[in-house]
Number of protein chains: 2
Amino acid sequence: MKAALDLLRDLGVQPTPQRIAVARFVLRTGRHPTADEVLAHVRRTCPTASRATVYNTLNLLVDRGLLRVQVLRGGRAVYDANTERHHHFIDERTGAIHDVPWHAVTVGGTAALDDFEVRDYQVVMRGRKRKH
Amino acid sequence: MKAALDLLRDLGVQPTPQRIAVARFVLRTGRHPTADEVLAHVRRTCPTASRATVYNTLNLLVDRGLLRVQVLRGGRAVYDANTERHHHFIDERTGAIHDVPWHAVTVGGTAALDDFEVRDYQVVMRGRKRKH
DNA sequence: CATGCACCTAGACTATGTCTAAAATCGGAT
DNA sequence: ATCCGATTTTAGACATAGTCTAGGTGCATG
């Protein structure tokens, strides 16, 4: 994983401390943080960071394709650094969201739907994460 | 489809005019209305109906299993009278949500996931509805 | 130093949904 | 019919997520 600094530069975006802090956190974590979780984390190194800046930066990264946004956890938007196609598993107990690799699940029949031209899809699963 | 009045009685719930109006609309429409759409419709016959009552009644029907709630359309909850298992197709242009019959799409591999015990799942598709 | 530009901040604003206190209504007992 | 307690409804306050705006800061350039 490239440094957040370089990633921002590659986008032609000024690498301000606020943007670096957002990018560092959200692109490295394997979790699926909400905007407020990002804000809370960014404030640890950048205490005056505002809500608007965090949202602006997240939306910027989404626009540029480095990040995906999904409305999953009870109607809140979560940001997902995994931009490859994948499915999602939501733990009923904890609310945690886990990525499921694309090829772990097979889906058939979407091309045969008469009424719908399917351009994208994903499987959203719910249940319990197994302990090992 | 039974009358809304009888459905409410079967649930052991007092069939007030407000509840009947909510149930009639939401259980009969094939669309996937948001709470505000339900409220707007209910007010046509029951102009003083309040937001709280609509939410209370919708949540009641969800608890009793007559209705499903999904967070789909841009983070808003939509209510779905189709409580059978089915998938969803979201039209990118209009935002309209369409039901896709369970057997129109096949999903495999969910049982073989090592880390997750999948209790329920659905395929969420996006694209364009075909015109006929 | 003055100007302009990109950025950031605080807070106002909107929208969805929940909660509360008080008013209205219901059903049963008299 | 009337009273009473329980349920329901209402209006509005509140909570939360997210967007927008006005103003301020800092930096580069002339």
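In what follows, chains are A, B, ... by sequence order, proteins preceding strands, each numbered from 1. As the structure is a prediction and not an experimental result, all values here were calculated from the model.
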Trace of the side-chain contact (heavy atoms from CB on, under 4.5 Å) decision for R31(A) with E37(A): CA-CA 11 Å; R31(A) 308 216 323 274; E37(A) 285 163 3; 4.1 Å; yes

What verdict does the side-chain contact (heavy atoms from CB on, under 4.5 Å) test give for H87(B) and M125(B), after you've listed the backbone C-alpha separation in whole Å, the side-chain angles of each residue and the deciding distance to 0.1 Å? CA-CA 8 Å; H87(B) 305 292; M125(B) 289 160 272; 3.8 Å; yes

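For the helix from dC1(C)-dG30(D) to dT30(C)-dA1(D), the rotation axes defined at the first and last 5 base pairs enclose an angle of 10°, given to the nearest 10°.
Cation-pi contact between R128(A) and F89(A): absent, since separation from the ring centre below 6.0 Å together with deviation from the ring axis within 45° is not met.
Near DNA chain D, defined here as any heavy-atom distance below 4.0 Å, the residues from residues 48-65 of chain A are R51(A), A52(A), Y55(A), N59(A), listed numerically. Of the residues in residues 10-18 of chain B, Q14(B), T16(B), Q18(B) come within less than 4.0 Å of DNA chain D through at least one heavy atom, sorted by number.
Among pairs with a residue in residues 100-118 of chain A, those fulfilling salt bridge (Lys or Arg N to Asp or Glu O under 4.0 Å) read E117(A)-R119(A), at least two apart in sequence or across chains.
With sequence neighbours left out, the side chain to side chain donor-acceptor pair (under 3.5 Å) criterion links N59(B) to no other residue.
Classification of R51(A) and D36(A) as a salt-bridged pair holds, one side-chain N sitting under 4.0 Å from a carboxylate O. The pair R126(B)-D91(B) does not meet the salt-bridge criterion, since no charged nitrogen lies less than 4.0 angstrom from a carboxylate oxygen.
Side-chain contact check for Q122(B) and H86(B): no donor-acceptor pair (N or O, by modelled atom type) lies under 3.5 Å.
Residues T45(A) and A21(A) come closest through the heavy atom pair OG1-CB, 4.0 Å. Across every non-hydrogen atom of V118(A) and T110(A), the tightest pair is CG2-O, 3.7 Å. Closest of all the heavy-atom pairs between R43(A) and S50(A) is NH2-CA, 3.9 Å.
Not a single donor-acceptor pair under 3.5 Å links the side chain of R76(B) to the backbone N or O of T34(B).
Regarding R76(B), its CZ atom lies at a distance of 12 Å from the C1' atom of dT14(C), rounded to whole Å. Distance, L8(B) CG to dC26(C) P: 15 Å, rounded to whole Å.
If you walk DNA chain D from 5' to 3' and mark each nucleotide with an atom closer than 4.0 Å to a heavy atom of chain B, the marks span dT7(D) to dA11(D).
Not less than 6.0 angstrom separates the ring centroid of H98(A) from the ring centroid of H32(A).
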